[in-house]
Amino acid sequence: MPFRIATFLMASFLGGACAAAILGWHFLWLGAWLGAVLWLLLDAWRARRLLEVLRVDAAGLPSRGPGVWGELAERIRKLLRAREQQTRQAEERLQEFLAAIQASPNGVVLLDEQGRIEWCNQTAAGQFGIDAERDLLQHLANLVRDPAFVAYLASWNYSRDVVIDAPSQAQGHRGHAARLSVQVHPYAGNRRMLLTRDITSLEQAEAMRRDFVANVSHEIRTPLTVLAGFVETLQNLPLDAEERSRYLALMGQQSHRMETLVNDLLTLSRLEGSAAPPPQRWTRIRALMAQCEDEGRGLSSRLSAKGHRLSFSMEGDSEIAGAPTELQSAMSNLVSNAIRYTPGGGEITVTWRLLPDGRGEFAVQDSGPGIAAEHIPRLTERFYRIDRSRSRETGGTGLGLAIVKHIAQRHGGELRIESTVGKGSRFALVFPLTRLRQASVLSAVA
Ligand code: ADP
């Protein structure tokens, strides 16, 4: 302010001095008056300029000029710059939050007081089959028409979630719709936040667990019931020695069946719970094949008087890295299945060879009844059997191929099944190149 008064007085004084010097002393006051008017006009012009700039765009404020208007402009500019920075930071934070919510595997939808979509992430959009931009401000209940969901949304009682079929095209298991759990959380008065979670695999796991428990109970109950019946007979009926020993033999069979089942269950749970097999423990394929042959010939002669035409052959002598007992169990299982399901006199060919891409294949080809195409994808499910009675008669548990598949996967390999009804089946274990090597001279001699 003192500067303003000083410049004003200076302008008047200069005006008066100039007028007196040029026109004479009589014009002193007129000059002073003109100087003051000029100062005022200049001042008004600068104030007007500042106002004009402020009205349009504060960024165009003049850089600091002299006087109160210059200082005012400078202060406004600093203030605005600080505000702009704050806004930018807030915007960046908001974008980060939104990006974090976008990255969430769960769906998030924000609804306004009327239940219209204010924002939703891509997960929710995908699950509900809506468009995150086009459907903004649409009523969610008009887009997701599942009656259970609509009733839940309207109830304003959100203590529990609601489970619905996902309205989107997303498919769950075997063509069933994906399942969604939706829970609403009210916030800021009547606004609502919806959280969605794809629980398809959870439900599947739960259903599998239930089926598994039911299957195990069923498998164990059958021999148990038979055993209990025999025990009762032995207790209550006077039997001669021959009958007694026949009953005891049958009881032995049933208890053996239970033992096999429990052993297979334990094998499966061990496979699921243990670390991957060691990549540096090498076993000769020749040794594994030899054991398969011993077991196979023994089983064939036990099961059928005619026996089977069995042949075992190897192309090259390789070693495989992994757990020898697991590998043996997988290979023997396939040989045993071929023998058990192929009628006596049938032909079974077991081969080991290196495929052109360097992977190794252990294959068992039989001339048995073959398997219809619809069963093939399900054969490795636990307790899945096509011919239940044949499986039981020959001591099957329905877990063999599930174990084989597990072992193959643990060794980085796969189980391939090809079959033609009436002609026979081919089960092959294919192992990756990384688990194979040429048998060393020392082990080849051994
Ligand atoms: P199981 O103990 O009943 O043999 P697996 O898991 O080993 O159980 O096999 C599942 C089902 O696959 C068997 O019940 C059988 O119906 C079928 N299967 C397996 N191997 C053969 C084969 N070589 N030929 C025909 N059917 C087979």
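Just follow the structure's listing: the first ligand is 1, and inside any ligand the first atom is 1. Note: hydrogens, waters and symmetry copies are ignored here, and every other heavy atom, side chains too, is used.
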query = If you measure from the Lys or Arg side-chain nitrogens to the Asp or Glu carboxylate oxygens, is any gap between D165 and R179 under 4.0 Å?
reply = yes
inquiry  = For a quick check: using heavy atoms under 4.0 Å, what are the residues in contact with ligand 1, sorted by chain and number?
reply    = N337, A338, R340, Y341, D366, I371, L379, Y384, R385, I386, D387, S391, G396, T397, G398, L399, G400, L401, S425, F427
Within 45° cone and under 6.0 Å: R93 NZ/CZ vs F97 ring = yes
query = Does R88 come within less than 4.0 Å of E91, counting only side-chain N to carboxylate O?
reply = no
query = S104 and N106: side-chain donor and acceptor closer than 3.5 Å?
reply = no
task = Mark yes or no for whether S419, through its side chain, and I371, through its backbone, hold a donor-acceptor pair below 3.5 Å.
result = yes
Ion pair check, E219 and R385, cut-off under 4.0 Å = yes
